[in-house]
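These notes are about the structure you will find just below.
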Amino acid sequence: MQRFLRAAIPVFCLWHMAAVAAYNLPDNRSHWMLALHNLSAPYVLSFSQWQKWDIFSPDPQRRTAVYRLEVAGATGAVIVKRIDAEHVPWTERAKELKVLDRLENGYEKAIPRYVSLFCDEFPSASGRDLRLVAEAMILPDTLTALLHTAKRLPPVSAHILGTVHCPSAS
Amino acid sequence: MNAKRVSASMEADGRSFWFRPVSATGFGLMRIGFGLSALVTLCLQWPNIDRYFGPAGIVTQEMIPSIVRWHWRFSILDTASLQTMHVLFIVLLVALVFVILGFWTRISLFISLVLLYSFHEYGTYTLDGGDTLLRLIGFILLLAPSGRAMTLPNLWRRIRIAHETGSDQRPEARTMPIWPYRLLLWQVTVMYIFSAIVKFSGHTWISGSAVAIALHHRSFSRLPAAWADVMSIFSPAIGSFTLLTQSAWALLIILPCFVWLRILPASVPGSVKRALLLAGFCIHGGIFLLMDVGTFSFTVFAAYLGLLLDEDFRAIRHRLNGDKRTPEVVLFDGRCGFCKASVVVLKSFDWLRRLRFENMYDPKARAAFAPSVPLKTLKTAMHVRSSNGTISKGFLAFRALAWHLPPLWMFVPLLYVPGVPMIGERTYQWIANHRM
């Protein structure tokens, strides 16, 4: 058994190391890079070793958004909840804002579900439209402009991410 | 004959490369760091677990096949009810506590990883870099003998032996084969090198504005806009430092080749690694202070702990202790079982090897380290003779020692809060009066 392990462990280690490296090969893959990636994917994905090291890469996200939930009424929209750094508890902030960022980028199908879960929280939304709005601005990418962002905030644009009609309270 | 000798030499080199014994302490510390990081991350999500992971949450079970990767994927949560999910969450938290303490390490790691992976594979939209790194180092911990060092059962066993035999010798360092370390080093190196490659493909890291953009981000940054403007002056320098240190991890693959070819001394890769770990500590520490990106920094620090070998611990001790350091002398009651057990605990915390333990009943020890303190006074409490010659006792002695014991460093400020010394002294006296 010892002899088997002394042979098997180095082989496994080399396989694991090669698979991890192959899985990380860049997106603009050549034919052989894609082949290596596809060879390693079943192992990497099955053992949840998938990874992509693109935090703040290739460039940090310049679009920065805060979110709000508003109930559409006859006289206009009424904001019922703000989801931003000031209004979400610090213990939940990072995750909740990450979730919203993901909902905008790749998980759009889940936006109505995200909004509908707030219907019960706000009685004023009963029987009305509840919508999720993102207020976003695009940060400049030059250092000289960034040095004066506090004085010259970029323009903010608001857009509706999703709307659900909350059921009436019975 | 020559071919046989070369083949035997290569086989010996290969065995040494994968199976050379190294200190298991680094991986023990990483195990604790992994458990703590995962535990904190999950506890912070407690208020939202129904939304994030529930069958009727933001992503429902019916939506999974159309939203999440379906191939080569497994998650218990795909078919779990809400109540089952709650039970699994609690089981995961309990398993992580067992991982931290080092009870049934392999089993508790296996259970915690199966559950952690299930939660991650279900709630992929909640994940960040820290969660990814947790999965990766957790896998390596499961393969490695990560329960050999830094466990409560080990400490308990040492206390029992000290109590039964009166022997208070520092035990031999526990070891493990080096191959798990090589897996971890490769993973961390891949993480940094590919991160650097991707950064070089953008333009803001090259132009120097990347850090400034991150500092102004309303979701991540802890700074008000005006402060971010000021800090942005340092953006080019910080960005360049980050790119340089991330790229430099490639040296840890290249330099060992030069060592093998006898071009460089064997100590060079270790020195480079320690420099990179220090740089990484500064970068990720800065990220934690200035930005809210979850527990990523702490998970990175946990991984760093696993990269520490014997020579690294020696180098850190040498750097912190200097060339010659007078030890802090602890005079304890050698006839008291509780006191001997306490000495075992202090020794296990004495990572910097700054303490020297002397039995107060040894007249030579009393004459050398506490000639002015009568034996009657020594019997009332533990006494510590600091390197500057001052003698303290009881709670104050404990507080003096805490400065030298890395596991207690985070508690040192608390020990000076008004009121705490008084409570500490009374507690110490009560324990001293009731000790066996």
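Computed from a predicted model, the values in this text were never measured in an experiment. Order of the sequence lines sets the chain letters (A, B, ...), proteins ahead of strands, with each chain counted from 1. We use all heavy atoms of the structure for the numbers below, so side chains are in, but hydrogens, waters and symmetry mates are not.
- Residues E121(B) and S48(A) have side chains that bring a donor and an acceptor to within less than 3.5 angstrom of each other.
- In this structure, the portions of M191(B) lying under 4.5 Å from any heavy atom of chain A include both its backbone and its side chain.
- The backbone N or O of M17(A) sits less than 3.5 Å from a side-chain atom of W186(B), completing a donor-acceptor pair.
- For D84(A), no part sits under 4.5 Å from any heavy atom of chain B, backbone or side chain.
- Proximity to chain A is absent for every atom of R222(B), based on heavy atoms less than 4.5 angstrom apart.
- Both the backbone and the side chain of A56(B) have a heavy atom closer than 4.5 Å to some heavy atom of chain A.
- The main-chain N or O of P236(B) is found under 3.5 Å from a side-chain atom of S240(B) such that the two form a donor-acceptor pair.
- Scanning residues 109-121 of chain A against chain B with a 4.5 Å heavy-atom cutoff picks out K109(A), A110(A), R113(A), Y114(A), L117(A), F118(A), ordered by number.
- In terms of heavy-atom pairs under 4.5 Å with chain A, the best-connected choice from H203(B), H71(B), M231(B), H120(B) is H203(B).
- Put simply, the side chain of H284(B) never gets that close to the backbone of T299(B): no donor and acceptor are under 3.5 Å apart.
- Remark: the backbone N or O of G208(B) is paired with a side-chain donor or acceptor of S235(B) at under 3.5 angstrom.
- Taking chain B as the reference chain and counting heavy-atom pairs below 4.5 Å, the highest number among W50(A), F56(A), F47(A) is found for W50(A).
- In this structure, the portion of W90(A) lying under 4.5 Å from any heavy atom of chain B is its backbone and not its side chain.
- Side chains of D78(B) and Q61(B): no donor on one and acceptor on the other come within 3.5 Å.
- If you tally non-hydrogen atom pairs under 4.5 Å between each of K98(A), Q49(A), H148(A) and chain B, the highest count goes to Q49(A).
- Within the 4.5 angstrom heavy-atom criterion, only backbone atoms of A65(A) (N, CA, C, O) approach chain B.
- Contact annotation: the side chain of L130(A) never approaches that of T163(A) to less than 4.5 Å [non-hydrogen atoms, C-beta and beyond].
- Heavy-atom distances place both the backbone and the side chain of S201(B) under 4.5 Å from chain A.
- The candidate with the highest count of non-hydrogen atom pairs below 4.5 Å against chain B, out of P89(A), A85(A), A21(A), is A21(A).
- Two residues are said to be in side-chain contact when any heavy atoms from C-beta on lie closer than 4.5 Å; Y117(B) and S75(B) fail this criterion.
- Under the 3.5 Å distance criterion, the side-chain polar atoms of S209(B) are left unmatched by any main-chain donor or acceptor of L143(A).
- Side chain of S16(B) to backbone of D13(B): no donor-acceptor contact under 3.5 angstrom is found.
- Contact tally against chain B (heavy-atom pairs below 4.5 Å) for A145(A), A41(A), S57(A): the top residue is S57(A).
- Looking at T295(B), neither its backbone nor its side chain comes within 4.5 Å of chain A, counting heavy atoms on both sides.
- Summarising the local packing, CZ of F110(B) is surrounded by 12 or fewer heavy atoms from other residues, nucleotides or ligands at distances under 6.0 Å.
- With a 4.5 Å cut-off on non-hydrogen atoms, L147(A) touches chain B through its backbone and its side chain both.
- Residues S126(A) and S168(A) have side chains that never bring a donor and an acceptor to within less than 3.5 angstrom of each other.
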Problem - Check against side-chain contact (heavy atoms from CB on, under 4.5 Å), I58(B) and Y125(B) - result: CA-CA 10 Å; I58(B) 295 170; Y125(B) 60 99; 3.4 Å; yes

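- Formation of a donor-acceptor pair under 3.5 Å by the S146(B) side chain with backbone atoms of L141(B) is found in this model.
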Exercise for the section: Assess whether side-chain contact (heavy atoms from CB on, under 4.5 Å) is satisfied between T189(B) and Q187(B), documenting all intermediate values. Expected result: CA-CA 5 Å; T189(B) 304; Q187(B) 175 62 76; over 6 Å; no

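- Stacking of R20(B) on the aromatic ring of W179(B) is not recorded, the 6.0 Å distance cut-off and the 45° axial limit not both being met.
- Although no hydrogens or angles enter the test, the distance criterion places a donor-acceptor pair under 3.5 Å between the side chain of K95(A) and the main chain of T126(B).
- The residue among A210(B), A226(B), S221(B) with the most heavy atom pairs within less than 4.5 Å of chain A is A210(B).
- R63(A) and D101(A) are not joined by a salt bridge, as no carboxylate oxygen comes within less than 4.0 angstrom of a charged side-chain nitrogen.
- If you check the side chains of R128(A) and H165(A), you find no donor sitting under 3.5 Å from an acceptor.
- Using a 30° and 60° split on the angle between ring planes, F119(B) and F53(B) fall in the perpendicular class, above 60°.
- Of the atoms belonging to F200(B), not a single heavy atom falls under 4.5 Å from chain A.
- Applying a 4.5 Å heavy-atom cutoff, none of the residues of residues 74-83 of chain A approach chain B.
- At a 4.5 Å heavy-atom cutoff, the contact between F220(B) and chain A is made by side-chain atoms alone.
- Proximity to chain A is absent for every atom of R73(B), based on heavy atoms less than 4.5 angstrom apart.
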Practice task
Let me see the working for M10(B) and S7(B) under side-chain contact (heavy atoms from CB on, under 4.5 Å), right down to the final yes or no.
Solution key: CA-CA 5 Å; M10(B) 283 179 68; S7(B) 165; 5.8 Å; no

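- For I138(A), no part sits under 4.5 Å from any heavy atom of chain B, backbone or side chain.
- Heavy-atom distances place the side chain of T60(B), and not its backbone, under 4.5 Å from chain A.
- When all heavy atoms of P55(B) and Y122(B) are compared, the closest pair comes out as CA-OH, 3.6 Å.
- If you measure heavy-atom distances from L215(B) to chain A, you find no contacts under 4.5 Å at all.
- Contacts of N48(B) with chain A are made by side-chain atoms alone, with heavy-atom separations under 4.5 Å and no backbone atom involved.
- The contact between Y52(B) and chain A is made entirely by side chain atoms (from C-beta outward), counting heavy-atom distances below 4.5 Å.
- The part of L97(A) that comes within reach of chain B is its side chain, from C-beta onward, which places non-hydrogen atoms under 4.5 angstrom from that chain.
- Between the side chains of H37(A) and N24(A), no donor N or O sits under 3.5 Å from an acceptor N or O.
- The contact between M291(B) and chain A is made entirely by side chain atoms (from C-beta outward), counting heavy-atom distances below 4.5 Å.
- T142(A) touches chain B through its backbone: at least one of N, CA, C or O sits under 4.5 Å from a heavy atom, while the side chain does not.
- When heavy atoms are compared at a cutoff of 4.5 Å, Y107(A) approaches chain B solely by way of its side chain, counted from C-beta outward.
- No part of L116(B) comes within reach of chain A, as not one of its non-hydrogen atoms sits under 4.5 angstrom from that chain.
- Checked for salt-bridge contact, D59(A) and K199(B) miss the test: no charged N lies under 4.0 Å from a carboxylate O.
- Ranked by non-hydrogen atom pairs under 4.5 Å with chain B, the options E96(A), E108(A), R62(A), M137(A) are led by E96(A).
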